[in-house]
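Reviewing the structure listed below.
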Amino acid sequence: MNNPKTIPPAPAMQAEVTRLCKPMPDRWRASVKYAIEVLEAEAEIRDNDDTGNKTMKRHTRLLKRMLAASPSLGQPARSVPSYQARVGAWTNACFGEGEATDTVSRVHRFIEEALELAQSLSCSQSEVLQLVEYVYNRPIGDPHQEVGGVMVTLGALCHAAKMNMVDCGERELTRVWANADRIRAKHATKPRFTPLPGSA
C-alpha cells in the first residue's frame, strides 16, 4: 500500500507542477481551461455543502494556479517539457516518488489500460488470452525496442480508429490531475502482493 508520508503536500505538488509545466504548449493550456470550465459548471449545479463540490473547487483552484504560472501563448516549442515529464510530475504528486518509480507497479497499470483500450474496441477476452500465450512462448524482447513497438502500434491503432493520439493523451492528463484525490484514494485500497488495482 502507498505510504502517505511519500505524498507531497499541496504546496510541494504545485511547485513541482509549476517547475515542469513552464511553459505549457498552447494545446495543453486550452485543455486546462476546458477542465476549469467543466469543474465550474458542475459546481454551479451542486449543493455548496456537498463534499464533491468542495473537492471540485479545490481542484479548480489548483488548475487556475497552474494556468497562471505558465507564460503567455506562443512560447518556443524547444522549451516545453515533454509529455513524459509532465506525466512524471503527476505520478510523483499523486503517489509519491517511490510508487511513481516502481517499474512493476507501472507495468501492471499499463497492462490494465492497454486491455481496457482493447476491450473498448471490441477485442474479446479469448483473443487476448491467445495473444498472451503467443507472446509468453517467444523470447524476451529488448525493453527499448518494445517501447518503440508500443508507440508505433498505438499510433497505427489511433490512425485506423480515427483518433488523435496526442489529444487523447493531453485530455487524460488533464482529467487525472482534476481527479488526483479520488485516484490516490483508490490506490490506497490496493491489496498487497497483487497486480490488481484498488477498489475505491
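Here the structure is a predicted model, which means the values were calculated and not measured.
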If the test is side-chain contact (heavy atoms from CB on, under 4.5 Å), which one of Val147, Thr153, Leu154 qualifies with Met151? Val147
Got Arg138 and Val135 here, is their nearest side-chain heavy-atom distance under 4.5 Å? no
Spell out, yes or no, whether Tyr134 and Leu115 are grouped together once hydrophobic residues are joined by side-chain heavy atoms under 4.5 Å, including indirect joins. yes
Can you check salt bridge (Lys or Arg N to Asp or Glu O under 4.0 Å) on Glu170 and Arg175, steps first, answer last? CA-CA 9 Å; Glu170 294 290 359; Arg175 187 191 71 82; over 6 Å; no
Quick one: do Tyr136 and Val107 end up in the same hydrophobic cluster if we chain Ile, Leu, Val, Met, Phe, Trp and Tyr together by side-chain heavy atoms under 4.5 Å apart? yes
Close side-chain approach of Glu99 and Arg106, heavy atoms under 4.5 Å: yes
Check whether any side-chain N or O of Glu127 sits under 3.5 Å from a backbone N or O of Ser124 as a donor-acceptor pair, and report yes or no. yes
Roughly how far, to the nearest 0.5 Å, is CD of Glu116 from SG of Cys123? 13.5 Å
Would Val150 end up clustered with Leu117 when hydrophobic side chains under 4.5 Å apart are linked, directly or stepwise? no
Backbone N/O of Asp167 and side chain of Asn164: donor-acceptor pair under 3.5 Å: yes
Does Trp90 offer a backbone N or O that forms a donor-acceptor pair with the side chain of Trp177 under 3.5 Å? no
Gly88 backbone acceptor or donor facing Thr91 side chain under 3.5 Å: yes
Quick one, Leu173 and Tyr83 - any side-chain contact, counting heavy atoms below 4.5 Å? yes
Validation row: Glu112, His108 side chains within 4.5 angstrom (heavy atoms): no
